[in-house]
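The sequence lines fix the lettering, A, B, ..., with proteins before strands; numbering per chain opens at 1. Here the structure is a predicted model, which means the values were calculated and not measured.
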2 protein chains.
Amino acid sequence: MDPAVLDAIASPRRREILRLVWREEQTVGAIHQAMPDVTFGAVSLQLRLLAEAGLVEARGERRNRFYKARPEALGPVAEILERMWDDALWKLKLAAELEETRRGPKPRRRPGRKSKREV
Amino acid sequence: MDPAVLDAIASPRRREILRLVWREEQTVGAIHQAMPDVTFGAVSLQLRLLAEAGLVEARGERRNRFYKARPEALGPVAEILERMWDDALWKLKLAAELEETRRGPKPRRRPGRKSKREV
DNA sequence: CAAATATTTTAGTTGTAACTAAAATGATTT
DNA sequence: AAATCATTTTAGTTACAACTAAAATATTTG
């Protein structure tokens, strides 16, 4: 397992793309339609990152490129993701997470301060 | 499994800290001594992030705070990390990775361009 | 070949993670 | 209560991931 894998799946956006191409290949356009809050170009760039990490593969047919996940490249992480996606609760969390991380890769850490040392 | 976990382990620096406190608790000072390329404060900040994600716990004794990993919070990811650390090859890669990511959280994507579509 | 369609790439912007240096806080000892 | 030790927090800097809009590239169709 490449550490690039850990990097790749740390992004909610990339996890969502992975999910979309998990079972069956999808065109970039189809993926983009499922993520209307980002531009086509943004989807293409994330697909490039995923492809460079070996987590998706592409196939060209006619005018389209079809992308498909490579679960075998994810090793044990594949099961973790699948478990997350199967969990209905997770779907809600993902939605909130995607909305929150409209820009910026990572969830903000909570601002709640605690002045005294907490043991 | 919280997605904050995936976030936390995406950072080589945090993975290294986790490794140091995996088997036995360590003071912040001891952790810092094992990572001389960053300041004490930087270590403390990353420990805070890990603690907020529930991946480490702290205990205060005398002047020191002892940090310890909480592998149970990592779920299946714990095994992945352990497997990585056990692999000698990984140790070399991690060293290079840490050196390369002196600043900046993630490995640069390779600049190699390919102008034609590659199917 | 021109037009249409699908995708990639470029150039530039923005938010923020990871860091540093120094100040602040907390705990212990004298 | 001052001095010392260990850690946390603050304020500010820097590098870069994720994004947008537009231009470029590739592929098929009329």
Side-chain angles (χ1 to χ4, degrees), chain A residues 4 7-8 10-17 26-33 35-53 56 58-67 97-98 100-109 111-119, chain B residues 4 7-8 10-17 26-33 35-53 56 58-67 97-98 100-109 111-119:
Chain A
D7 230 59
S11 153
R13 187 74 66 193
R14 284 192 292 271
R15 286 202 300 273
E16 178 67 359
I17 292 178
Q26 302 285 347
T27 64
V28 185
I31 297 164
H32 174 227
Q33 280 179 10
M35 323 182 74
D37 59 331
V38 279
T39 61
F40 203 102
V43 173
S44 181
L45 285 168
Q46 295 290 9
L47 279 167
R48 172 147 76 121
L49 288 178
L50 287 168
E52 283 176 359
V56 299
R59 176 180 77 83
E61 182 187 305
R62 297 176 55 89
R63 284 175 185 162
N64 302 301
R65 302 202 85 203
F66 288 84
Y67 280 88
E97 194 179 29
L98 280 171
E100 192 181 314
T101 61
R102 176 70 184 75
R103 201 82 165 238
K106 321 227 160 166
R108 243 168 291 300
R109 37 178 134 137
R113 286 276 156 278
K114 292 159 190 169
S115 52
K116 304 269 177 184
R117 276 195 191 169
E118 9 167 356
V119 180
Chain B
D7 230 59
S11 152
R13 187 74 66 195
R14 283 191 292 272
R15 286 202 301 273
E16 179 67 359
I17 291 180
Q26 301 286 346
T27 65
V28 185
I31 297 165
H32 175 228
Q33 280 181 8
M35 323 182 74
D37 59 332
V38 279
T39 61
F40 203 100
V43 173
S44 180
L45 286 167
Q46 295 292 8
L47 279 167
R48 172 147 76 120
L49 288 178
L50 287 168
E52 282 176 0
V56 299
R59 176 178 76 85
E61 182 186 304
R62 297 177 53 89
R63 285 176 184 161
N64 302 300
R65 301 201 85 204
F66 288 84
Y67 281 88
E97 195 180 27
L98 280 171
E100 192 180 314
T101 62
R102 176 69 184 78
R103 201 82 167 240
K106 322 225 161 167
R108 243 166 292 301
R109 36 176 136 137
R113 289 274 156 280
K114 291 159 189 168
S115 53
K116 302 272 179 184
R117 274 195 193 172
E118 7 165 1
V119 180

Novice: Closest approach of A:L50 and A:A8, non-hydrogen atoms and distance?
Specialist: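 Looking at all heavy atoms of both residues, the shortest contact is CD2-CB, 4.2 Å.
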Novice: Indicate the atoms forming the closest heavy-atom contact of A:V38 with A:V43, along with that distance.
Specialist: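 It is CG2-CG2, 4.0 Å.
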Novice: Taking 4.0 Å as the cut-off, does a side-chain nitrogen or oxygen of B:N64 come that near to OP1 or OP2 on C:dA27?
Specialist: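 No.
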Novice: Counting distance only, does the side-chain N/O of A:H32 pair as donor-acceptor with the main-chain N or O of A:G41 below 3.5 Å?
Specialist: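 Such a contact is absent between A:H32 side chain and A:G41 backbone.
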Novice: Quick one, B:Q33 with B:I31, criterion side-chain contact (heavy atoms from CB on, under 4.5 Å). Give me CA distance, side-chain angles, the key distance, then yes/no.
Specialist: CA-CA 5 Å; B:Q33 280 181 8; B:I31 297 165; over 6 Å; no
Novice: Please determine whether a side-chain nitrogen or oxygen atom of B:R65 lies at a distance below 4.0 Å from atom OP1 or OP2 of D:dT8.
Specialist: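 Answer is yes, contact under 4.0 Å.
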Novice: Atom CG of B:L49 to atom P of C:dA17: distance rounded to whole Å?
Specialist: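 About 9 Å, once rounded to whole Å.
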Novice: May I have the distance from A:D37 (atom CG) to D:dA18 (atom C1'), rounded to whole angstrom?
Specialist: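 These atoms are roughly 12 Å apart.
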Novice: Can you find a side chain N or O atom of A:R48 that sits less than 4.0 Å from OP1 or OP2 on C:dT9?
Specialist: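 The answer is yes; a side-chain N or O of A:R48 sits under 4.0 Å from OP1 or OP2.
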Novice: At under 4.0 Å between heavy atoms, what does B:F66 touch on the DNA or RNA strands: base, sugar-phosphate, or nothing?
Specialist: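 Contact class for B:F66: none.
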Novice: Report the residue (A:A42 or A:E61) whose heavy-atom-nearest nucleotide on DNA chain D is the more 5′ of the two.
Specialist: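 That would be A:A42.
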Novice: Does any non-hydrogen side-chain atom of A:L49 lie less than 4.5 Å from one of A:E52?
Specialist: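 Contact flag for A:E52/A:L49 side chains = yes.
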Novice: Please determine if a side-chain N or O atom of A:Q46 lies less than 4.0 Å away from the OP1 or OP2 oxygen of D:dA17.
Specialist: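 False: A:Q46 side-chain N/O out of range (4.0 Å or more) of D:dA17 OP1/OP2.
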Novice: Could you list all N or O pairs between the protein and nucleotides 1-5 of chain C that sit under 3.5 Å apart?
Specialist:
| residue | atom | partner | partner atom | Å |
| --- | --- | --- | --- | --- |
| C:dT5 | O4' | A:R63 | NH1 | 3.1 |

Novice: Between C:dT10 atom P and A:F40 atom CZ, what is the distance in whole Å?
Specialist: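 Atom-to-atom, A:F40 to C:dT10, this comes out as 17 Å.
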Novice: For the pair made of CD1 in B:I31 and P in D:dA6, what is the distance, rounded to whole Å?
Specialist: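 Atom-to-atom, B:I31 to D:dA6, this comes out as 14 Å.
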Novice: Whole Å only: how far is the CD atom of A:Q33 from the C1' atom of C:dT7?
Specialist: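 From A:Q33 CD to C:dT7 C1': 14 Å.
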Novice: Taking side-chain contact (heavy atoms from CB on, under 4.5 Å) as the test, write out the residues that go with B:T27, two or more places apart.
Specialist: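 side-chain contact (heavy atoms from CB on, under 4.5 Å) check on B:T27 returns B:A30, B:N64, B:F66.
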Novice: Between D:dA18, D:dC19, C:dC19, which nucleotide has the shortest distance from any of its atoms to the side chain of A:S11?
Specialist: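 The answer is D:dA18.
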Novice: According to a strict under-4.0 Å criterion, is A:Y67 in side-chain N/O contact with OP1 or OP2 of C:dA6?
Specialist: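 For A:Y67, the contact criterion (side-chain N or O under 4.0 Å from OP1 or OP2 of C:dA6) is not met.
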Novice: Among D:dA6, D:dT29, D:dT9, which nucleotide has an atom closest to any side-chain atom of B:L45?
Specialist: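 Nucleotide nearest to B:L45's side chain: D:dT9.
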Novice: Without decimals, in angstroms, what is the distance between A:H32 NE2 and D:dA18 P?
Specialist: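 Spelled out: NE2 on A:H32 to P on D:dA18 is 17 Å.
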Novice: A:Q26 CD to C:dT7 C1': how many Å, rounded?
Specialist: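 Roughly 16 Å, once rounded to whole Å.
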Novice: Identify whether the distance between the nearest side-chain nitrogen and carboxylate oxygen of A:R14 and A:D7 falls below 4.0 Å.
Specialist: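 No, this pair does not count.
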Novice: Within the pair A:R14 and D:dA18, is there a side-chain N or O less than 4.0 Å away from OP1 or OP2?
Specialist: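 Affirmative; the distance criterion is met.
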Novice: Just how far, in rounded Å, is P of C:dT20 from CE of B:M35?
Specialist: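 Value for this atom pair: 11 Å.
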Novice: Establish, with yes or no, whether the OP1 or OP2 oxygen of C:dT7 is under 4.0 angstrom from a side-chain nitrogen or oxygen of A:S44.
Specialist: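 Looking at the OP1 and OP2 atoms of C:dT7, neither is under 4.0 Å from any side-chain N or O of A:S44.
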Novice: Which heavy-atom pair separates A:Y67 from A:A58 by the least distance, and what is that distance?
Specialist: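 For A:Y67 versus A:A58, the nearest heavy atoms are CE2-CB, 3.7 Å.
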Novice: Establish, with yes or no, whether the OP1 or OP2 oxygen of C:dT20 is under 4.0 angstrom from a side-chain nitrogen or oxygen of B:T39.
Specialist: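 Checking C:dT20 against B:T39, a side-chain N or O does come within under 4.0 Å of OP1 or OP2.
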Novice: Have a look at B:G29 and say if it touches a base, only the backbone sugar-phosphate, or nothing, with a 4.0 Å heavy-atom cut-off.
Specialist: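 Result for B:G29 = sugar-phosphate.
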Novice: Would you tell me if any nitrogen or oxygen in the side chain of B:R13 comes within less than 4.0 Å of OP1 or OP2 on C:dA17?
Specialist: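 False: B:R13 side-chain N/O out of range (4.0 Å or more) of C:dA17 OP1/OP2.
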